[in-house]
Amino acid sequence: MDLGIAFGRVAFVMLFVLNVGGLLTWVERKQSAIMQDRIGANRASIFGLRLMGLFHPLADAIKMLTKEDFRPARADRFLFTLAPFVSVFFALAAFASIPFGDTLHLAGREIPLQAITLNVGILYVFAMLSLGVYGVMMAGWSSANNFALLGGQRAAALMISAEIAIGASIMGVIMVYGSLNMQDIVRGQGEPLLPRVFGAWIPAWGILTQPLAFLLFLTAGIAATKRIPFDMPEGESEIIGYFIEYSGMKFGMFAMADFLESVVIAGMTTALFLGGWQVPYLTAGGFQFPWGWTLGLPHLLVVLLQVSAFVLKVSAMIFVLMLIRWTLPRFRYDQAMRLGWLGLFPLSIANIVVTGLILLVGRS
Amino acid sequence: MRLGQRFYVVEVVAGLALTAHHFFRNMGRHIAHALGRTDVKGAVTVQYPEEHRPYSPRLRSLHRLVRREDGSPRCVACMMCETVCPARCIYIVADEHPNPEIEKVPARFDIDLGKCVFCGYCVEACPEDAIRMDTGILEFSSYSRTGMIYTKEMLLSLEPASPDGRPTSPVPIPAGRRP
Ligand code: SF4
Ligand code: SF4
């Protein structure tokens with residue numbers, strides 16, 4: 001029974017991330033099309049049924065699976081095959097400790113709505129995100145192609161500068177909520193912000209307590225997904241990146257990994273800065289509005305609301321990521337490095353110092 | 001570079017506002033369209049095989065041979081077009097015309113449209129105004145080269161396009177064309 005529950009939690013996260021990741025190919029096409037006054041891919045049909053191009057991800061998958069799976073003669077056979085799996089695996093695994101709901105009390109059990117409960121969940125997500133770059137480097141290294149190797153190097157350099165900025169920028173969040181456990185951080189965001197000034201009106205979401213960290217994290221997070229405007233590891237349009245020698249579904253897996261990482265970054269941003277599964281004014285017993293109204297809700301409904309709030313926030317965040325991806329041109333390599341090391345990194349350190357000072361003054 | 005541009009954030013937000021504005025405006029129009037306001041369109045896309053943009057009357061499209069009143073070709077097989085054609089894709093065999101007033105008539109008049117570059121020189125060169133490129137037909141692709149060779153009979157059967165540029169005659173299918 002416990003095993004079943006654990007399995008269910010993992011399955012929910014897996015299916016959520018995988019499906020959203022798959023759906024993102026459709027979202028990307030359609031959203032970019034609508035942003036650019038176009039219609040977007042709408043021709044794939046089953047028995048004349050088009051459903052606004054929703055079958056295109058399916059058509060893509062069929063195409064990818066039926067293409068020739070080519071491997072260069074001098075490529076390292078083992079690593080070349082392993083690389084896309086590494087990329088996808090770590091992107092998938094990273095979502096595991098992001099909480100998608102509060103503890104669910106069902107039939108006398110307490111089920112934490114999180115695939116794995118970890119005290120150091122935030123570090124785990126980082127570890128997984130950074131390990132993802134090994135797949136990319138492996139791909140570049142094992143392809144026996146200098147362009148792929150250069151792409152892999154670019155990916156590694158970008159990843160290091162992004163990871164450091166991510167790590168440093170969320171230090172502020174960890175300091176404010178005083179925990180490395182993502183569930184605790186989300187719970188902390190349900191508390192009112194500055195109750196002496198605003199009363200119970202404003203929840204202490206991370207974006208309000210740590211606005212600079214939010215910006216830095218978002219920028220570095222986009223860099224970690226290797227998508228435009230930080231897509232120089234891939235540089236699909238001209239410089240060609242680490243997956244130049246890949247074809248068929250292996251190539252598809254790299255593309256998939258990017259989308260999955262987008263979902264992970266959206267999930268992390270939601271959990272750390274947008275209040276995770278918190279619905280404003282919703283407590284465990286129901287709504288408690290600051291103007292005095294209360295509305296009791298059964299526990300299951302509350303949990304359902306919270307999970308849908310989480311899904312909604314992640315979707316909104318993905319929309320923003322897509323908006324950025326289809327608005328900005330690519331940073332040049334040196335610009336990205338300068339942004340990472342001379343912009344994001346010092347700013348996030350400054351953020352830590354300022355946050356520390358404010359916390360110190362606030363406590364005393 | 002202005003100071004605001006150095007920090008990216010302001011400019012990035014301005015750019016995002018622009019694209020987001022387009023997104024929500026077009027989304028609203030798409031929804032209005034789906035709800036029955038068919039005059040509102042959310043995209044500038046022309047859904048090509050089903051929809052066509054109007055063609056210009058000057059468009060050079062598939063050739064046609066102009067007919068006399070009795071239906072015979074107006075062409076007198078003077079070979080001007082064959083000579084001027086830069087792609088050398090016109091092939092004419094001349095024959096005696098039954099009417100002594102008219103010197104010759106083409107027994108064969110083939111255009112290999114697989115080679116034609118649609119320059120329109122043949123139309124300009126013709127002294128009899130016997131060949132024109134005003135059918136409005138552009139969709140005559142083929143899977144084989146022989147499927148692109150149009151004979152005299154096919155070219156004679158074509159009509160000029162309607163004023164909006166749409167073809168008025170069906171596309172003739174060459175004998176060598178696979179479906
Ligand atoms: S349009 Fe130009 S290329 Fe084509 S048949 Fe006429 S002269 Fe030749
Ligand atoms: S130039 Fe005109 S008249 Fe002369 S052969 Fe060509 S189509 Fe016929």
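Note that the structure is a prediction, hence the values are computed from the model and not measured.
For B:H21, no part lies near chain A; criterion is any non-hydrogen pair under 4.5 Å. Looking at B:R29, neither its backbone nor its side chain comes within 4.5 Å of chain A, counting heavy atoms on both sides. Looking at A:L328, the atoms closer than 4.5 Å to chain B (heavy atoms on both sides) all sit in the side chain, from C-beta outward.
Within a 6.0 Å sphere centred on CD of B:E50, heavy atoms belonging to other residues, nucleotides or ligands number more than 12.
Looking at B:Q47 and A:R43, their side chains do bring a donor and an acceptor atom within 3.5 Å of each other. Between the side chains of B:E159 and B:T135, no donor-acceptor pair is found at a separation under 3.5 Å. Defined by atom type and a distance below 3.5 Å, a donor-acceptor pair is missing between the side-chain atoms of A:S348 and A:S169.
Chain A forms more heavy-atom pairs under 4.5 Å with one residue of B:T19, B:V12, B:L18 than with any other, namely B:T19.
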